[in-house]
Trainee: 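Quick one: this structure, given as C-alpha cells, is what I'll be asking you about.
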Amino acid sequence: MQKTGKSACPLNCWDSCGFHVTIENDKIIKIDGDPDHPITKGKICGRGRMLEARTNSSERLLYPLKKVNGQFQQISWDQALNEIAVKLDNIKESYGTTAVLHSHDYANNGILKNLDQRFFNCYGGVTELYGSLCWGAGIEAQKWDFGNALSHEPEDIYNSKNIVIWGRNVARTNMHFYEKLLEVKKRGAKLFVIDPLANATAKIANEHITIKPGMDGLLAAGIIKEILRLGLEDRHFLEHFTYGFGDLKKLLNEVSLTKLSEMTEVPAATITRLAEVFTDKPTAIYMGLGLQRYKNGGNTIRLIDALAAVSGNVGIAGGGANYANIQVGQSFAFAELILPNRRQQHRQFSIMKQAEEVLAATDPEIKMIIVTCGNPLTQIPDSTVVEKAFTSVETLVVIEQFMTDTAKLAHYVLPTTTAFEEEDFYYSSMYHHYVNYGPQLIQDTPGEVKSEVWIWTELAKMLGFGDEFAYTREEWLNITLKPLVAKGITLEKLKKTGTLELPVAKIPWYDKRFATPSGKFEFTSQLGEEKLGSGLLTLSVPAESKWTDPLRAEKYPYNLLTIHPLRSNHSQNYHLLGGKVNLKVEVARNIAAELSLENGDVVRVWNDRGEVKGIVSILTGAHPNTINIDEGIWRKFGGPVNTLTSSRPSDNGLGSTLYDCLVNIEKI
Ligand SMILES: Nc1nc2c(c(=O)[nH]1)N[C@H]1C(S)=C(S)[C@@H](COP(=O)(O)OP(=O)(O)OC[C@H]3O[C@@H](n4cnc5c(=O)[nH]c(N)nc54)[C@H](O)[C@@H]3O)O[C@H]1N2
Ligand SMILES: Nc1nc2c(c(=O)[nH]1)N[C@H]1C(S)=C(S)[C@@H](COP(=O)(O)OP(=O)(O)OC[C@H]3O[C@@H](n4cnc5c(=O)[nH]c(N)nc54)[C@H](O)[C@@H]3O)O[C@H]1N2
Ligand code: SF4
Ligand SMILES: [Mo]
C-alpha cells in the first residue's frame with residue numbers, strides 16, 4: 001500500500017527544502033517537493049530526488065566492516081564497537097584523549113548529527129577541527145564588520161531595485177532564489193552578476209561582469225572610490241553608524257582606479273557604472289561562497305561589506321550584504337546538546353591543514369581518527385597529503401553510507417542510516433529561516449545499518465558515560481528546541497506542520513545597532529585588531545597570482561576553480577548518476593585558442609601538488625585564463641581535484657583557499 005509523508009532534505013545546501021515522500025511497503029518510492037513549504041513551494045532539485053536512489057541503492061554499506069590483512073571482513077556490531085571502545089580507553093590511558101582526531105564536515109543538516117561532539121566531549125575532549133572549507137573566511141569577516149553574518153529574509157528581494165549576485169552560482173546551487181530572481185526581473189528589478197564564469201545565472205542577468213578570480217575586494221574598493229569621487233556616498237550612515245571610515249579613505253587614496261582596473265581586469269568604465277548601480281538604492285548584494293575561498297578571502301568579503309555600507313544599503317529593505325544567515329543555527333540550544341564543558345583536554349587543528357597537523361603531531365601523536373559526515377579524501381585540499389595522513393594512524397574509523405575514497409582507507413567502517421530512516425529536524429544557516437521536520441519514514445532499516453545516535457549511545461555505555469546519552473529521540477529534539485518554546489516553537493507543532501518559521505531578524509541591522517565592540521559598522525575592526533593585531537582593510541590579492549608569486553604564475557599560468565557540481569552534492573551523488581562519469585576540464589576560450597584545444601581532447605592539468613586527467617570542454621563567456629573542474633569527483637571517476645588545491649588557510653585563518661590555485665594544462 002502506498003502512503004505519502006512530509007519530510008525534509010538533509011543535504012548541505014542553501015535551500016533546505018520540504019519534501020513529500022511516497023512510501024510503499026516500507027520502501028521509498030519517490031521524492032517530491034512539499035507544495036505547502038513556504039519557501040521551497042513544491043520544487044526540489046535532482047540531488048534531492050536522488051535521495052531515493054541513495055536510500056535504495058544496492059551499493060549501500062549494510063554491515064560493520066573491519067580490515068584484516070588489507071581486506072574488509074564483515075563483523076558484528078558488538079565486535080566493532082567493543083574493539084573501538086577498548087582502543088578509545090587505551091588511548092585515553094596511555095596518551096590522553098586528544099590523541100583522537102574527530103574529522104568531520106556537514107554532509108547532513110540534521111541537528112542530532114551534532115551528538116558526535118557530545119560524545120567526544122564526554123569522552124574527555126579530543127582534537128577537534130576549527131575553521132571551515134566552505135564559508136569560514138566570510139563568516140569571520142562579517143563578524144568583524146557587523147558582529148554577525150546575517151541575511152535578509154527571502155521575501156525581501158521584492159524590495160530591491162538592483163540585485164548584484166556576487167560569486168554565487170544561484171541557478172545551480174540555490175534554485176529557489178533563482179526562481180525569485182526570474183520573478184523580480186520580470187517585475188523590473190535589474191540583475192548584475194559578477195563572476196569569472198558565465199554561469200546559468202549570468203545568462204539571465206542584465207549585465208555579467210567577469211573578473212580575474214580572487215580580485216573582487218579590489219573591485220569593491222574601486223567602486224567605493226568612484227562613489228566617493230562622485231559624491232554619492234551615504235553621509236548620514238557613515239557619520240552616525242560607522243567606525244574607521246578615515247582608514248578606508250586613506251587606503252583608497254593610495255591606489256588609482258587605473259591600477260584597480262588593471263588588477264581586477266574589469267574596465268574602469270564598468271567600475272564607474274557600478275558605483276551608480278550601488279547608489280541607485282535599494283541595491284542588494286548576494287554573495288556566494290566561491291569568492292572567499294582565497295588567501296585574501298576575509299578581506300574580500302570585508303571590502304564588499306564596506307561597499308554596502310558606503311552606498312547606504314545596510315539595514316534597509318531591499319538592500320543588505322547577504323552572505324550567510326547564521327542566526328538560523330544560533331536559534332537552537334547547542335551547548336545543552338554538545339556539552340562543551342565536559343571536556344578536560346582540548347586541542348584544535350585547522351580543518352584545512354588537518355592532514356599536515358596529523359603528520360606533525362607529537363604531543364600527543366594522533367592514534368585514531370574518527371570520520372563523521374565527511375569525505376576528506378575528496379573534499380579536503382591537497383589530497384596527496386590527506387591520504388598520507390589518513391593512512392598514517394593506527395586506527396581509522398569511518399561512519400558512512402557508501403564505500404567512499406575515505407572509507408576505503410578505514411580500519412573500521414560503520415554503516416549508518418539515511419535521512420528517512422531516522423527522525424531529526426533540518427535547517428540551513430545559509431538562506432531561509434525555516435526549520436523542517438523529518439520523521440522516520442522507514443521502520444525496517446536495511447541490513448544492520450544503525451543511526452549515529454545509536455552508535456554514540458552504545459559506545460558511551462561501553463566507556464562509562466552512558467548516562468549522558470540516556471535520552472529518547474524526542475527528548476534530544478526537545479532539548480535543542482528549548483530556547484524556542486517560549487516563542488511558540490515546539491516539537492509537537494513542528495511535527496504537525498512539517499516546517500516552522502524561526503524568530504530571527506528579517507531585515508538585519510535595521511536599527512543600525514551592530515554587534516561589534518563599538519556598536520557600529522566597523523571599517524576598521526576591533527575584533528580583528530584583538531585577534532590578529534590589525535583590523536585594517538587592505539588591498540590584498542590571492543596567494544597564487546602574478547602579483548604575489550610571479551615565478552609560480554609563469555610556470556602555472558591559469559586560475560583553477562573547482563566549483564560545486566550541478567548533479568551532485570559534493571561527492572554524494574556521482575556514483576548514483578548511472579553511466580560513465582568523466583572528469584570535465586572546462587577551459588576559457590583563450591586557453592583553447594592558445595593551446596589548440598578542442599572539445600573532447602584529453603588533457604593533463606597539473607601543478608607542484610599533483611595532477612588530474614580529464615576531457616576538455618570549452619567555455620563561452622569565461623574570464624580569460626580560467627579553468628574549472630567541478631569538485632567532489634571520486635578517484636574511480638578521475639578525481640579528486642583536490643590533488644591540485646592548497647591547504648593554505650585564508651587571511652583570517654578560518655577559511656579555505658580552494659580556488660586560489662594556479663595550474664598548467666596540456667593535451668595528452
Ligand atoms: N548543485 C549543488 N548545489 C549546492 C552544492 C553542491 O555541491 N551542488 N553545495 C552546497 C554548499 S555546501 C555550498 S557551500 C553552496 C555553494 O554555493 P555557491 O557559492 O553558489 O557555489 P560555489 O561553487 O561555492 O561558488 C561558485 C561560484 O563562485 C564563482 N567564483 C569563484 N571564484 C570567484 C571569484 O574570485 N570571484 C567571483 N566573483 N566569483 C567567483 C564561481 O565561478 C561560481 O559561479 O552550494 C550548495 N548547493
Ligand atoms: N576543491 C573543492 N573542494 C571543496 C569544495 C569546493 O568548492 N572545491 N567545497 C567545500 C565545501 S563548501 C564543503 S561544504 C565541503 C563538503 O565536504 P563533505 O561534507 O565532506 O562532502 P559530502 O560529499 O557532502 O559528504 C561527505 C560524506 O558524508 C556521507 N554522509 C552523508 N550523510 C551522512 C550521515 O548522515 N552520516 C555520516 N556519517 N555520513 C554521511 C556521504 O556519504 C559522503 O561520503 O567540501 C569542500 N571541498
Ligand atoms: S539539495 Fe538543496 S535544492 Fe536540492 S532538494 Fe535538497 S535542499 Fe532542495
Ligand atoms: Mo559548503
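The model shown is predicted, which means the values in this text are computed figures rather than measured ones. Read the numbers this way: they start at 1 and go in the same order the structure lists the ligands and their atoms.
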Trainee: Go through Arg168 and Asp195 one step at a time and tell me if the salt bridge (Lys or Arg N to Asp or Glu O under 4.0 Å) criterion holds.
Mentor: CA-CA 8 Å; Arg168 191 185 301 186; Asp195 202 296; over 6 Å; no

Trainee: Is it the case that over 12 heavy atoms from other parts of the model lie below 6.0 angstrom from the NZ atom of Lys43?
Mentor: no

Trainee: Assign the ring pair Trp166 / Phe278 to parallel, tilted or perpendicular, where the plane angle (0 to 90°) is split at 30° and 60°.
Mentor: tilted

Trainee: Give me the residue, atom name and distance of the protein heavy atom closest to atom 44 (O) of ligand 1.
Mentor: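 Ranked first by proximity to atom 44 (O) of ligand 1 is Asp195 OD2, 2.6 Å.
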
Trainee: Angle between ring planes, Phe425 versus Tyr427, binned at 30° and 60°: parallel, tilted or perpendicular?
Mentor: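 The rings of Phe425 and Tyr427 sit tilted, inter-plane angle from 30° to 60°.
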
Trainee: Could you walk me through whether Leu274 and Thr270 pass the side chain to side chain contact (heavy atoms under 4.5 Å, CB included) test, one step at a time?
Mentor: CA-CA 6 Å; Leu274 286 171; Thr270 305; 4.3 Å; yes

Trainee: Which value, rounded to the nearest 0.5 Å, describes the distance between Cys134 atom SG and His564 atom NE2?
Mentor: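 One gets 6.5 Å once the value is rounded to the nearest 0.5 Å.
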
Trainee: I want to confirm something. Looking only at heavy atoms, which of Lys212, Gln292, His570 is nearest to atom 7 (O) of ligand 1?
Mentor: His570

Trainee: Run the side-chain hydrogen bond (donor to acceptor under 3.5 Å, both in side chains) test on Gln401 and Thr418 for me, step by step, so that the C-alpha distance in whole Å, both residues' side-chain angles and the decisive distance to 0.1 Å come before the verdict.
Mentor: CA-CA 7 Å; Gln401 297 160 342; Thr418 64; 5.5 Å; no

Trainee: Can you list the ligand 1 atoms lying under 4.0 Å from a non-hydrogen atom of Met430?
Mentor: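 Ligand 1 atoms under the 4.0 Å threshold to Met430: 13 (C), 14 (S), 15 (C).
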
Trainee: Against ligand 1, does Met215 come closer than 4.0 Å with any heavy atom?
Mentor: no

Trainee: Run down the list Gly290, Pro565, Pro196 and name the one with the heavy atom closest to atom 25 (O) of ligand 1.
Mentor: Gly290

Trainee: Applying side chain to side chain contact (heavy atoms under 4.5 Å, CB included) to Asn642 and Leu658, what does each step give before you reach the verdict?
Mentor: CA-CA 8 Å; Asn642 276 320; Leu658 293 161; 3.5 Å; yes

Trainee: Please list the nearest protein heavy atom to atom 26 (C) of ligand 1 with its residue and the distance rounded to 0.1 Å.
Mentor: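 Going atom by atom, the protein heavy atom closest to atom 26 (C) of ligand 1 ends up being Ile563 CG2, 3.9 Å.
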
Trainee: Just going by heavy-atom distances, which of Trp166, Trp14, Tyr294 is nearest to atom 32 (N) of ligand 1?
Mentor: Tyr294

Trainee: I need the atoms of ligand 1 closer than 4.0 Å to a non-hydrogen atom of Arg168, numbered in the order shown.
Mentor: 20 (O)

Trainee: Can you name the atoms of ligand 1, numbered from 1 with element, that are less than 4.0 Å from a heavy atom of Gly214?
Mentor: 34 (C), 35 (O)

Trainee: Can you tell me if Arg293 has a non-hydrogen atom under 4.0 Å from ligand 1?
Mentor: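 Checking ligand 1 against Arg293, which is what was asked, there is a heavy-atom contact under 4.0 Å.
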
Trainee: Show me which atoms of ligand 1 lie under 4.0 Å from any heavy atom of Asp216.
Mentor: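 The atoms of ligand 1 under 4.0 Å from a heavy atom of Asp216 are 34 (C), 35 (O), 36 (N), 37 (C), 38 (N).
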
Trainee: Short N/O distance, under 3.5 Å, between Gly167 and ligand 1?
Mentor: yes

Trainee: List in chain and number order the residues that pass side-chain hydrogen bond (donor to acceptor under 3.5 Å, both in side chains) with Thr416, two or more places apart in sequence or in another chain; answer none if no residue qualifies.
Mentor: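 side-chain hydrogen bond (donor to acceptor under 3.5 Å, both in side chains) list for Thr416, sorted by chain: empty.
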
Trainee: List every atom of ligand 1 that sits less than 4.0 Å from any heavy atom of Leu197, numbering the atoms from 1 in the order shown and giving each element.
Mentor: 42 (O)

Trainee: Counting only nitrogen or oxygen atoms and a 3.5 angstrom limit, does Leu291 reach ligand 1?
Mentor: no

Trainee: Please confirm whether Trp135 comes under 4.0 Å of ligand 1, counting heavy atoms of the residue only.
Mentor: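 Contact check Trp135 vs ligand 1: negative.
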
Trainee: Check this for me: Arg567, atom CZ, are more than 12 non-hydrogen atoms of other residues, nucleotides or ligands nearer than 6.0 Å?
Mentor: no

Trainee: Take Lys6 and Asp34 through the salt bridge (Lys or Arg N to Asp or Glu O under 4.0 Å) test and state the conclusion after the steps.
Mentor: CA-CA 7 Å; Lys6 276 188 200 252; Asp34 173 9; 3.1 Å; yes

Trainee: What protein heavy atom lies closest to atom 19 (O) of ligand 1? Include the residue and the distance to one decimal.
Mentor: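 Of the protein heavy atoms, Leu289 N, 2.8 Å lies nearest.
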
Trainee: With a cutoff of 4.0 Å, is Ser568 in contact with ligand 1, counting heavy atoms of the residue only?
Mentor: yes

Trainee: I'd like to check the ring pair (Phe, Tyr, Trp, His ring centres under 6.0 Å) partners of His20; sequence neighbours left out, ordered by chain and number.
Mentor: none

Trainee: Please step through salt bridge (Lys or Arg N to Asp or Glu O under 4.0 Å) for the pair Glu421 and Arg54, ending with a clear verdict.
Mentor: CA-CA 12 Å; Glu421 295 163 349; Arg54 227 184 135 73; over 6 Å; no

Trainee: Give the C-alpha distance, both sets of side-chain angles, the deciding distance and a yes or no for side chain to side chain contact (heavy atoms under 4.5 Å, CB included) between Tyr294 and Thr300.
Mentor: CA-CA 9 Å; Tyr294 294 84; Thr300 295; 5.8 Å; no

Trainee: Just jot down the ligand 1 atoms closer than 4.0 angstrom to any heavy atom of Cys134, in number order.
Mentor: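 Listed by number with element: 14 (S).
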
Trainee: Does the ring of Tyr659 carry Arg293 above it, NZ/CZ under 6.0 angstrom from centre and within 45° of its axis?
Mentor: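 The answer is yes, since Arg293 meets both limits relative to Tyr659.
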
Trainee: Report the C-alpha distance between Arg589 and Leu619 in whole Å, list the side-chain angles of each, state the deciding distance to 0.1 Å, and finish with yes or no for side chain to side chain contact (heavy atoms under 4.5 Å, CB included).
Mentor: CA-CA 6 Å; Arg589 265 188 191 291; Leu619 292 171; over 6 Å; no

Trainee: Taking only residues two or more places apart in sequence or in another chain, which ones pass salt bridge (charged side-chain N to carboxylate O under 4.0 Å, His left out) with Glu265?
Mentor: none

Trainee: Ignoring hydrogens, just give me the one of Asn569, Thr173, Thr300 whose non-hydrogen atom is nearest atom 5 (C) of ligand 1.
Mentor: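 Minimum heavy-atom distance to atom 5 (C) of ligand 1 goes to Asn569.
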
Trainee: May I ask you to check whether Asn199 has an N/O atom sitting below 3.5 Å from an N/O atom of ligand 1?
Mentor: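 The answer is yes, given that Asn199 and ligand 1 share an N or O pair closer than 3.5 Å.
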
Trainee: Suppose the cut-off is 2.8 Å; which protein N/O/S atoms would you list for atom 6 (Fe) of ligand 3?
Mentor: Cys9 SG

Trainee: Measure Val170 to ligand 1 on non-hydrogen atoms and call it side chain, backbone, both or neither using the 4.0 Å cut-off.
Mentor: neither

Trainee: Taking distance alone, with no angle check, do Cys13 and ligand 1 share an N/O pair under 3.5 Å?
Mentor: no

Trainee: Please indicate whether any nitrogen or oxygen in Ile211 is less than 3.5 Å from any nitrogen or oxygen in ligand 1.
Mentor: no

Trainee: Specify the protein heavy atom at minimum distance from atom 22 (P) of ligand 1: its residue, its atom name, and the distance to 0.1 Å.
Mentor: Tyr659 OH, 3.7 Å

Trainee: Taking 4.0 angstrom as the limit and counting only heavy atoms of Arg172, give me the atoms of ligand 1 inside it, by number and element.
Mentor: 1 (N), 2 (C), 3 (N)

Trainee: Show which atoms of ligand 1 fall inside a sub-4.0 Å distance from at least one heavy-atom site of Asn12.
Mentor: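 Reading through ligand 1 atom by atom, the close ones are 9 (N), 10 (C), 11 (C), 12 (S).
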
Trainee: Can you report which non-hydrogen protein atom sits closest to atom 13 (C) of ligand 1, along with the distance?
Mentor: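 Looking only at protein heavy atoms, the one closest to atom 13 (C) of ligand 1 is His564 CE1, 3.3 Å.
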
Trainee: What distance do Leu560 atom CG and Cys661 atom SG have between them, rounded to the nearest 0.5 Å?
Mentor: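 Going from CG on Leu560 over to SG on Cys661, the span is 4.5 Å.
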
Trainee: For the aromatic rings, using the six-membered ring if either is Trp, is the centroid distance between His433 and Tyr431 under 6.0 Å?
Mentor: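 No.
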
Trainee: So, Thr40 side chain and His37 main chain: donor-acceptor pair closer than 3.5 Å or not?
Mentor: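 Checked: no pair found.
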
Trainee: List the closest protein heavy-atom neighbour of atom 4 (C) of ligand 1: residue, atom name, distance to the nearest 0.1 Å.
Mentor: Arg47 NH1, 3.1 Å

Trainee: Is the contact between Arg567 and ligand 1 made by the side chain, the backbone, both, or neither, using heavy atoms and a 4.0 Å cut-off?
Mentor: neither

